K.L.:
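Attaching a single structure in structure tokens format; questions to follow.
What you see is a predicted model, and the numbers here were worked out from it, not measured in a lab.
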Amino acid sequence: MQITITAKIQIKPTKEQIDLLNETVSAYKQGSNHVSGVVFESKNLNQVSLHKLTYEILRTRYDLRSQMAQSVMKTVIAKYKTNKSNGHNWSLVMFKKPEYDLVWNRDYSLFKGLFSLNTLQGRVKVPCETKGMESYFDGDWSFGTAKLVNKHGKWFLHIPMTKEVEVTSDRDIKQVVGIDLGINFVATTYDSQGHTNFFDGRLIKHKRVKYKYLRKQLQMKQTPSSRKRLKALGSRENRWMADVNHTISKALVNRYGSRTLFVVEDLTGIRNATEKVKVNDRYISVSWSFLQFRQMLAYKALMNGAKVVAVNPKYTSQTCPKCGHTEKANRNKKKHIFCCKTCTYTSNDDRIGAMNLQRKGIEYIVEVAEGA
């Protein structure tokens, strides 16, 4: 099967190149909004007929080069088709962000730390940081249509990369690892050898409380500068959260290797479940990007010959992994202790969750084997 990931590369243009990039993305945005207006009025999503209606205007009024004009039409058509497939009502699409879509080997290329791209004034070569991405240039990956993005005064290149990988068969699985996600321990694992690993979340929790406090202070000010800082703060927190999820998911795949089945909780309805916690704890519980973690773990596992399955988490924190007795009173949430009311087996409650998830993974493998 094919796997696609998006690489985010920061480029470092000179002052002259920055002016040229700003000029190019501005013209691209204006051209996109012009074509969007035509599409909205005509409901025409055919590129051939749109070409007749908009090409000359894009070339003369917005000074777009021929390939840029074609790219603008494709970008607008794709956006309307996406909205339609997502069930949105027909409405005017406005392009507000300074972005520019680029086709690999036509509008852009990467070679020895240089990013080459088309601008209104011709092709320019911009230095970029590709350290750690050497494996993506081994010939097995194909590069898709990239997006040039200006964010907070910095320039980034978002490149979708696709590779054909072999999916690990369920029958080839050699070990099962249950992963319980939480707050005090951001991840707790239990493997086939009976080993438990805890990824401490206390420092992460402390930092999130700090973000919450800063956000509250800025919200109280209600000034243009505070709103601007609030937006920047949110972006910074999201980047930090993504980095944490990336680090932990990478560590798990590296630790357990290929032919591993990682078992995580099915996150459907996770927000409704966590919103039942106390108001003061709601931000910490609800806003962590568990889905992002699961997605990162899934593609990293796939690339390394492993696999991820999501199972129903019902009663995983209330069921005794030793005798099977299930009771809400088994778990003391305040002390983070699980103590079975029947057999008195006692352990950390996050570890219990990981153990039960690991057991569900074994049941999954057995069902696959019996159905073969």
Side-chain angles (χ1 to χ4, degrees), residues 173 175-209 244-245 248-249 251-252 255-256 260-294 297 308-367:
I173 294 296
Q175 70 169 328
V176 179
V177 178
I179 305 175
D180 182 80
L181 302 177
I183 304 300
N184 290 308
F185 293 107
V186 67
T188 303
T189 66
Y190 185 83
D191 61 31
S192 296
Q193 288 73 45
H195 297 150
T196 304
N197 285 291
F198 295 94
F199 291 80
D200 198 341
R202 286 175 295 181
L203 291 178
I204 294 173
K205 183 179 180 180
H206 175 73
K207 191 168 183 177
R208 305 212 63 221
V209 170
V244 171
N245 282 332
I248 296 175
S249 57
L252 287 170
R255 178 187 292 269
Y256 294 105
T260 297
L261 178 69
F262 294 103
V263 188
V264 296
E265 297 177 344
D266 186 342
L267 300 176
T268 305
I270 186 68
R271 290 190 64 89
N272 292 332
T274 51
E275 280 169 358
K276 295 176 183 178
V277 301
K278 294 179 181 179
V279 173
N280 289 337
D281 297 332
R282 189 170 296 167
Y283 170 78
I284 302 298
S285 300
V286 173
S287 57
W288 187 262
S289 49
F290 293 116
L291 178 59
Q292 183 190 67
F293 170 83
R294 174 176 151 187
L297 180 66
V308 175
V309 295
V311 299
N312 188 339
K314 195 171 184 180
Y315 305 126
T316 52
S317 62
Q318 301 175 17
T319 300
C320 178
K322 297 299 181 180
C323 72
H325 174 68
T326 301
E327 184 180 341
K328 190 175 182 180
N330 283 347
R331 183 189 185 193
N332 187 323
K333 288 186 178 181
K334 289 185 178 180
K335 295 182 178 180
H336 299 287
I337 294 294
F338 177 97
C339 182
C340 180
K341 297 299 181 181
T342 298
C343 71
T344 71
Y345 179 73
T346 303
S347 185
N348 173 274
D349 59 351
D350 291 327
R351 179 173 178 268
I352 294 295
M355 292 175 73
N356 283 320
L357 288 170
Q358 196 260 357
R359 174 181 53 80
K360 288 195 174 190
I362 294 175
E363 292 172 355
Y364 166 84
I365 294 295
V366 171
E367 289 176 4

K.L.:
Check whether any side-chain heavy atom of Leu203 lies under 4.5 Å from a side-chain heavy atom of Lys207, and answer yes or no.
P.N.:
no
K.L.:
So among Ile352, Ile337, Asp349, which one has a side-chain contact (heavy atoms from CB on, under 4.5 Å) with Arg331?
P.N.:
Asp349
K.L.:
Just by distance, with hydrogens left out, do Thr260 and Gln175 show a side-chain donor and acceptor under 3.5 Å apart?
P.N.:
yes
K.L.:
Do Thr319 side-chain atoms and Thr316 backbone N/O form a donor-acceptor pair below 3.5 Å?
P.N.:
no
K.L.:
For residues Leu357 and Tyr190, determine if any side-chain heavy atom of one lies less than 4.5 Å from a side-chain heavy atom of the other.
P.N.:
no
K.L.:
Nearest heavy-atom pair of Thr346 and Cys339: which atoms, and what distance?
P.N.:
OG1-SG, 3.4 Å
K.L.:
Can you give me the closest heavy-atom contact between Ala251 and Phe199, atom names plus distance?
P.N.:
CB-CE2, 4.2 Å
K.L.:
Are the side chains of Phe293 and Ile248 in contact, using a 4.5 Å heavy-atom criterion?
P.N.:
yes
K.L.:
If every non-hydrogen atom of Phe185 is compared with every non-hydrogen atom of Asp200, which pair is closest and at what distance?
P.N.:
CD2-CA, 3.9 Å
K.L.:
Determine whether a donor-acceptor pair (N or O, by modelled atom type, separation under 3.5 Å) exists between the side chain of Thr344 and the backbone of Thr342.
P.N.:
no
K.L.:
Answer yes if the side chains of Asn184 and His336 hold a donor-acceptor pair under 3.5 Å, and no otherwise.
P.N.:
yes
K.L.:
Between Leu252 and Leu297, is any pair of side-chain heavy atoms under 4.5 Å apart?
P.N.:
yes
K.L.:
Below 4.5 Å, heavy atoms only, C-beta onward: do Leu181 and Val186 meet side chain to side chain?
P.N.:
no
K.L.:
Could you walk me through whether Val309 and Leu261 pass the side chain to side chain contact (heavy atoms under 4.5 Å, CB included) check?
P.N.:
CA-CA 7 Å; Val309 295; Leu261 178 69; 3.7 Å; yes
K.L.:
Could you go through Asn330 and Tyr345, starting from their C-alpha distance and side-chain angles, then the distance that decides it, and tell me whether this counts as side chain to side chain donor-acceptor pair (under 3.5 Å)?
P.N.:
CA-CA 10 Å; Asn330 283 347; Tyr345 179 73; over 6 Å; no
K.L.:
Between Arg351 and Thr188, is there a side-chain donor-acceptor contact under 3.5 Å, judged purely by atom types and distance?
P.N.:
no
K.L.:
Rounded to the nearest 0.5 Å, what's the gap from OH on Tyr315 to NZ on Lys360? Could you check?
P.N.:
10.0 Å
K.L.:
Which residue is it: Val308, Val311, Asp180? I am looking for the one with a side-chain contact (heavy atoms from CB on, under 4.5 Å) to Val264.
P.N.:
Val308
K.L.:
Checking side chain to side chain contact (heavy atoms under 4.5 Å, CB included) for the pair Ile204/Val244: CA distance, chi angles, key distance, verdict?
P.N.:
CA-CA 9 Å; Ile204 294 173; Val244 171; 3.7 Å; yes
K.L.:
How long is the straight-line distance from CG of Asn245 back to CZ of Arg294, given to the nearest 0.5 Å?
P.N.:
13.5 Å
K.L.:
Taking atom CG of Asn356 and atom NZ of Lys314, what is their separation to the nearest 0.5 Å?
P.N.:
14.5 Å
K.L.:
I need the Thr189 OG1 to Asn197 CG distance, nearest 0.5 Å.
P.N.:
4.0 Å
K.L.:
How long is the straight-line distance from CD of Gln318 back to NE2 of His325, given to the nearest 0.5 Å?
P.N.:
10.0 Å
K.L.:
For Pro321 versus Phe338, what's the shortest heavy-atom pair and its separation?
P.N.:
CD-CE2, 4.4 Å
K.L.:
Enter the distance from Ser347:OG to Lys322:NZ here, rounded to the nearest 0.5 Å.
P.N.:
9.0 Å
K.L.:
If you look at every heavy atom in Cys343 and Cys340, which pair is closest and at what distance?
P.N.:
N-SG, 3.4 Å
K.L.:
Report the C-alpha distance between Asp266 and Asn312 in whole Å, list the side-chain angles of each, state the deciding distance to 0.1 Å, and finish with yes or no for side chain to side chain contact (heavy atoms under 4.5 Å, CB included).
P.N.:
CA-CA 5 Å; Asp266 186 342; Asn312 188 339; 5.7 Å; no
